[in-house]
2 protein chains.
Amino acid sequence: MVSPGPDMTAADWIEHFPPLAALGQEHRDAVLASAHPVRLPAEMRVFDPGSPCSQFLLVVDGCVRVQMIADTGRELVLYRVRRGETCVLTTSCLFGGEVYPAEGIVETETRAVAIPLARFLALIAASEGFRRFVFAGFGQRLAALLATVQDTVFHNLDGRLARALIARAGGGPVALTHQALAAEIGTAREVVSRHLKQFEKAGLVRLARGRIEIADPDRLALRAARTE
Amino acid sequence: MVSPGPDMTAADWIEHFPPLAALGQEHRDAVLASAHPVRLPAEMRVFDPGSPCSQFLLVVDGCVRVQMIADTGRELVLYRVRRGETCVLTTSCLFGGEVYPAEGIVETETRAVAIPLARFLALIAASEGFRRFVFAGFGQRLAALLATVQDTVFHNLDGRLARALIARAGGGPVALTHQALAAEIGTAREVVSRHLKQFEKAGLVRLARGRIEIADPDRLALRAARTE
DNA sequence: GCCGGGTCCGTGACGCAGTCACCGAAGCGG
DNA sequence: CCGCTTCGGTGACTGCGTCACGGACCCGGC
C-alpha cells in the first residue's frame, strides 16, 4: 500500500518537516534510521474501515481526507490531515491496537513519513519533544473532530451547507460537485441540490455543472453564522 | 469542585485499583505522593463545556456520564466512565491544552484518583506500563465513541432506541424516563414517546410512569440488530 | 460531425424524524 | 385535599432522507 518515493531520502523530508527538525540530533537520527518516506498519489485509499494500523504517519506535504461511510453509501468527512499534521485515528489505533473505524483518501498527492510502531513507541518513551508534538496535535484534532460531530448531529442543513461552501469555495470559484458537498456534511446529494438552488435564487451563489462560485460572501457568511 | 474523600487515603484506593497496582513499586510511590483521592456525589457536574482541564482522572468506582448539549437543549450521551476506566476527553484535553468540549455528570456516587498534570506527564515519561494503560484505554474509548457517532448520524431511530433500551433496561425493569432515553440517543422526548408506544403495541415492552420493562427480549434484540 | 456511455444535476412523491404548542396524568409535599 | 412539579400523550407542521426517474452535459471513439 505504501512505497518509498523515488527521489527523496527520509533525511531530506525530515529536514523540511519542522516538528521533527525540532527533535534534537539524537532522536532525529533514530527516526532517520527507521522511517520510510512514502509518496501517495491522489485518489489513493490509504486505509479502509477494518484495516489494521501498524505505523505512525506524519504528513509532510499534501492532503488526506478521513471520512466515515454508512452501509447506505452516505458519507461524512471527519477531518483532513495536512502539512505538519498527524491523523488522530492512526495514533489512536496504534495505541489501542484497534483497526481503523473510517477510511482515508488522498485528495492531493501527498508525501509523508511512516514510522513503524516499535520505533514510534521508542520515540514516545525517549523524547519529551516528540511526546509534546504528538499529543498536542492529537488533542487539538480530537477537539475539532468533536466539533464537527456536534455540528452534524445538532445543527440544521442551511448553516452547515453555508459553512461547507465557504470552506471549500471561499477562495473563488472552484470545481466542486453537489455529491462532494453532500459527503462533506453527511447528507444526500438531492438535499444539497435543493438547498443550493435556494441559495442561487437568493443570489448567494452561482452554479454551473461541476463548479460553484460564491456570489455574495457577506450574506452567505450570515447564513453560516446561524447555528440553529 | 473536587475534594478529598474523608475516609480513604490515596494509598487505599490505589491498592484496590488494578491498573495502578500493576505499576511497580517505584511509580506507585510517585502516584501516592501527588494523587488526590476524590469522592463525587451523584448528580454532580464534574465538568462543563469550556471548563479547563488540569488533572488526570482514574475512576476507581462508580459511573460518570459524558454528553454533548446543543443550544436547543437536545443532548447526546457520548460514553460512560466506569471502574478502572479513564475519560478520553480528559486525557485529550490535558495533552492538547484544550478546554472540555462536553459535560460530565456523575450518575452513581463515584470515587476517583486525580493526578495533577505535571505528575501525570512525569509518569507517562517514566513508566511504560502506565503509558500502555493510558493509551490502550484511550484508543479503545475513542473507537467506541466513533461507533456511537456513526450510529447516531447514519442509523434510524427504531434500531437505536431498541439498542438503548437493551443497554439500559436489559437486566430487568428499571427506573427510566423517556427524556433520559432521548438524551441517550440524541433525539427529542416526543419522538421517543411515540416509538415506545409502537414498541408497546407490538408487545416488546411494558410502560409505566418513570419505568420501562422489556417484555420480549428476543424480538427487541431483532429490532436492535437491524441497523439501516 | 454524431453517437454512446458516464457523470452530474433536477424533480416529484413519499415517509421518517424533529419541533411547537398544549394538555392531562401521576406523584409528592404541605 | 390542594397545588406544584415532573412525566407522558397528541396533533399539526416543517425539515430532511430516500427512491425513482429523466434530462443535461462531457468526452471519448468512429
Side-chain angles (χ1 to χ4, degrees), chain A residues 43 68-76 150-162 164-165 168-169 173-201 205-213 223 226-228, chain B residues 43 68-76 150-165 168-169 173-202 205-213 223 226-228:
Chain A
E43 311 296 324
M68 290 193 299
I69 298 205
D71 327 320
T72 63
R74 260 171 68 203
E75 307 175 8
L76 172 62
Q150 184 148 10
D151 198 36
T152 307
V153 174
F154 290 134
H155 293 158
N156 66 5
L157 259 183
D158 230 58
R160 278 155 59 204
L161 181 56
L165 272 171
R168 297 294 302 269
V174 68
L176 185 59
T177 69
H178 298 189
Q179 175 58 51
L181 273 173
E184 200 78 30
I185 60 181
T187 183
R189 197 256 320 156
E190 301 91 312
V191 180
V192 168
S193 291
R194 277 191 267 263
H195 277 259
L196 281 179
K197 175 128 295 198
Q198 294 304 110
F199 283 6
E200 191 180 35
K201 271 189 201 161
V205 299
R206 275 184 289 274
L207 303 176
R209 178 189 171 91
R211 295 181 60 78
I212 299 180
E213 179 180 0
R223 292 239 188 173
R226 272 186 276 160
T227 57
E228 289 157 10
Chain B
E43 311 296 323
M68 289 193 301
I69 298 205
D71 327 321
T72 63
R74 259 171 70 202
E75 306 175 9
L76 172 61
Q150 185 148 9
D151 198 37
T152 307
V153 174
F154 290 134
H155 293 158
N156 66 4
L157 258 184
D158 230 59
R160 278 156 59 205
L161 181 56
R163 288 190 283 281
L165 273 171
R168 297 293 301 269
V174 68
L176 185 60
T177 68
H178 297 189
Q179 175 59 51
L181 273 173
E184 199 78 32
I185 60 180
T187 183
R189 198 255 320 155
E190 301 93 312
V191 180
V192 167
S193 291
R194 276 191 267 264
H195 277 259
L196 281 178
K197 176 129 295 199
Q198 293 304 109
F199 283 6
E200 192 181 33
K201 271 188 201 162
V205 299
R206 277 184 288 273
L207 302 175
R209 179 189 171 90
R211 296 181 59 78
I212 300 181
E213 178 181 358
R223 291 238 189 175
R226 270 187 278 161
T227 57
E228 290 159 8

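Within every chain, numbering begins at 1; the chains are lettered A, B, ... in the order of the sequence lines, protein sequences first and strands thereafter. For the numbers below, each heavy atom of this structure counts, side chains included, while hydrogens, waters and symmetry mates do not.
A donor-acceptor pair under 3.5 Å links the side-chain atoms of A:R160 to the main chain of A:I185, judged by distance alone. When atom types are taken as modelled, the side chain of B:E75 and the backbone of B:A180 share no donor-acceptor pair closer than 3.5 angstrom.
As a whole-Å value, the separation of A:D158 CG from D:dG17 C1' is 16 Å. Separating the CZ atom of A:R211 from the P atom of C:dC9 is a distance of 12 Å, rounded to the nearest angstrom. We find that CZ of A:R74 is positioned 12 Å from P of D:dC16, with the value rounded to whole Å. Taking atom CG of residue A:N156 and atom C1' of nucleotide C:dC20, one finds them 16 Å apart after rounding to whole Å. Note: NE2 (B:H155) to P (C:dC16) measures 17 Å, nearest angstrom. Atom pair A:L76:CG and D:dC16:C1' shows a separation of 16 Å (rounding to whole Å applied). Here D:dG15 presents its C1' atom at 12 Å from CZ of A:R160, a figure rounded to the nearest Å. Taking atom CD on B:E190 and atom P on D:dT6, their separation rounds to 17 Å, with Å as the unit.
Contact of the B:L161 side chain with the B:T187 side chain is not registered, since no non-hydrogen atoms from C-beta on lie closer than 4.5 Å. Between A:R194 and A:Q198 the shortest side-chain heavy-atom distance does not fall below 4.5 Å. Side-chain contact between B:D71 and A:H155 is present, with heavy atoms from C-beta onward closer than 4.5 Å.
Near-neighbour residues of DNA chain D inside residues 191-199 of chain B, defined by a heavy atom below 4.0 Å, number-ordered: B:S193, B:R194, B:K197. Against DNA chain C, the stretch residues 175-188 of chain A makes heavy-atom approaches under 4.0 Å through A:T177, A:H178.
Under 3.5 Å, the side chain of B:R189 and the base of D:dG9 form at least one donor-acceptor pair of N or O atoms. Judged by atom type and distance alone, A:R209 does not reach the base of C:dC9 through any side-chain donor-acceptor pair under 3.5 Å.
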Report each atom pair, protein N/O against N/O of nucleotides 28-30 of chain C, whose distance is under 3.5 angstrom.
none

